[in-house]
Protein chains: 2
Amino acid sequence: MLQLTKRTEYGLIALVHMVDQGGEYTSAREIAESYPIPKRLLAEVLKDLARSGLVNSLRGSTGGYALARPPEQITVGDIVSALEGAPTLASCDTADGNASDCEVEPVCPIRSPLQRIRKGIWLQMQRTSLRALVTPSPQAADLPLTARNGPAAS
Amino acid sequence: MLQLTKRTEYGLIALVHMVDQGGEYTSAREIAESYPIPKRLLAEVLKDLARSGLVNSLRGSTGGYALARPPEQITVGDIVSALEGAPTLASCDTADGNASDCEVEPVCPIRSPLQRIRKGIWLQMQRTSLRALVTPSPQAADLPLTARNGPAAS
DNA sequence: TTGAAATAGCACTAAATTGGTGCGAAATAC
DNA sequence: GTATTTCGCACCAATTTAGTGCTATTTCAA
Ligand code: SF4
Ligand code: SF4
């Protein structure tokens with residue numbers, strides 16, 4: 001239904017929280033205590049974020065997680081991509097140019113237009129940085145589509 | 001996973017097919033025979049489209065469906081909205097300004113930024129007309145964001 | 001050295017969503 | 001009257017998602 005997963009939301013919240021903590025390593029427990037979200041699930045999400053390289057992790061009693069890059073260099077697209085995969089809109093466009101298994105594909109009249117929409121969504125996620133999430137400057141995210149075409153995948 | 005449902009895809013395909021048929025009423029069977037998609041499910045989708053007023057329906061042996069409005073006045077947003085609901089991104093923003101049941105909401109740091117992204121997605125769907133789907137003019141869908149702000153809900 | 005606290009890994013169950021079908025009724029053209 | 005069609009609603013199956021269990025490994029600190 002065109003909605004982010006809870007996992008992704010939890011990840012976004014956690015990362016925003018980390019920005020507030022500066023460069024300090026923050027444990028999963030500490031984050032989970034700040035919001036009414038299941039601690040165990042958040043832990044799983046944080047592991048995914050660590051596996052994808054968005055955050056660094058430290059084990060042991062004083063361990064935790066911290067951003068691997070400054071918040072200006074982490075985009076919503078990065079996070080979504082790490083936790084639930086980049087938006088596809090249709091199961092045929094794999095965002096990395098792979099084969100699909102859709103039977104309709106050979107005669108599908110909506111494939112290419114859908115891809116254009118997907119690209120727009122992706123662009124929008126890529127131009128919204130984690131910094132923009134924590135300090136919501138209204139004009140920052142309303143730049144024209146042509147500006148700031150970053151290293152957008154695909 | 002941020003993907004349209006099959007229902008929506010089938011609906012889009014059906015509507016594009018109808019555009020090709022001009023103003024003629026086209027039966028569910030006829031459409032289903034043009035693409036390898038389950039006839040029965042397509043019929044269900046067409047019913048939904050009729051219920052939502054996007055297409056007119058005619059019963060009886062020569063019946064079928066036809067667009068209720070010219071393809072320029074039907075947007076992808078309309079279709080998505082009719083078949084799976086408007087994009088929400090998060091379960092809290094209901095696109096019609098209603099209450100949510102998310103426990104995190106009172107302390108959620110990502111709500112407002114997510115809404116901005118959702119609005120952008122919605123806008124993009126609203127400015128892509130059914131006409132643009134059937135005749136993919138590359139520049140047609142890349143109009144500046146400010147243009148063609150239709151009767152966009154929310 | 002011992003133990004508490006933390007991440008890592010992976011499997012697993014339960015809920016929700018989606019894909020797809022069954023079946024009978026009502027309309028319409030021939 | 002019969003064939004063809006939409007209509008309405010319920011239903012099951014597959015997939016995806018939410019959330020949990022459990023154990024191992026690392027690290028700090030007493
Ligand atoms: S080929 Fe067409 S029907 Fe198949 S997944 Fe892509 S858009 Fe959807
Ligand atoms: S309030 Fe925050 S956590 Fe809850 S649904 Fe909205 S965005 Fe997600």
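Below, read A as the first sequence line, B as the second, and so on, with proteins coming before strands; counting in each chain starts at 1.
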Which listed nucleotide ([options]) is nearest to the side chain of [X]?
X     : options                : answer
B/K47 : D/dG8, D/dA18, D/dT16  : D/dG8
B/S61 : C/dA27, D/dT4, C/dT18  : D/dT4
A/R29 : C/dA6, C/dG20, D/dG19  : C/dA6
B/R40 : C/dG19, D/dC9, D/dG19  : D/dC9
B/Y10 : D/dA24, D/dG19, C/dG20 : C/dG20
A/E44 : D/dT20, D/dT6, D/dG8   : D/dT20

Whole-Å gap separating [atom2] ([N]) and [atom1] ([X]):
X     : N      : atom1 : atom2 : answer
A/I37 : D/dT20 : CD1   : P     : 12 Å
B/L42 : D/dT5  : CG    : C1'   : 14 Å
A/K39 : D/dT20 : NZ    : C1'   : 12 Å
B/D48 : D/dC9  : CG    : C1'   : 12 Å
B/M1  : C/dA16 : CE    : C1'   : 13 Å
B/L83 : C/dT18 : CG    : C1'   : 13 Å
A/L41 : C/dA8  : CG    : C1'   : 16 Å
B/L2  : D/dT16 : CG    : P     : 15 Å

So, do [X] and [Y] sit near enough that their side-chain heavy atoms are less than 4.5 Å apart?
X      : Y      : value
B/L46  : B/M18  : yes
B/P87  : B/L2   : no
B/L133 : B/L15  : no
A/H17  : A/S34  : yes
A/V76  : A/L130 : no
A/T75  : A/I79  : no

- Name the nucleic acid region contacted by B/A28, choosing base, sugar-phosphate or nothing; use a 4.0 angstrom heavy-atom cut-off, strictly under.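 If one applies the 4.0 Å heavy-atom cut-off, B/A28 turns out to touch the sugar-phosphate alone, with no base involved.
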
- May I ask you to say what B/L58 touches in the nucleic acid, namely base, sugar-phosphate or nothing, with a heavy-atom cut-off under 4.0 Å?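 B/L58: backbone/sugar contact only, no base atoms under 4.0 Å.
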
- Message: Which is more 5' along DNA chain D, the nucleotide nearest A/R59 or the one nearest A/R7? Just name the residue.
- Response: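 Going by which nucleotide is closer to the 5' end, it is A/R7.
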
Short side-chain N/O contact to [N] OP1/OP2 from [X], under 4.0 Å:
X     : N      : result
B/R51 : D/dG8  : yes
A/T62 : D/dA29 : no
A/S57 : C/dA8  : yes
A/Y25 : C/dA5  : no

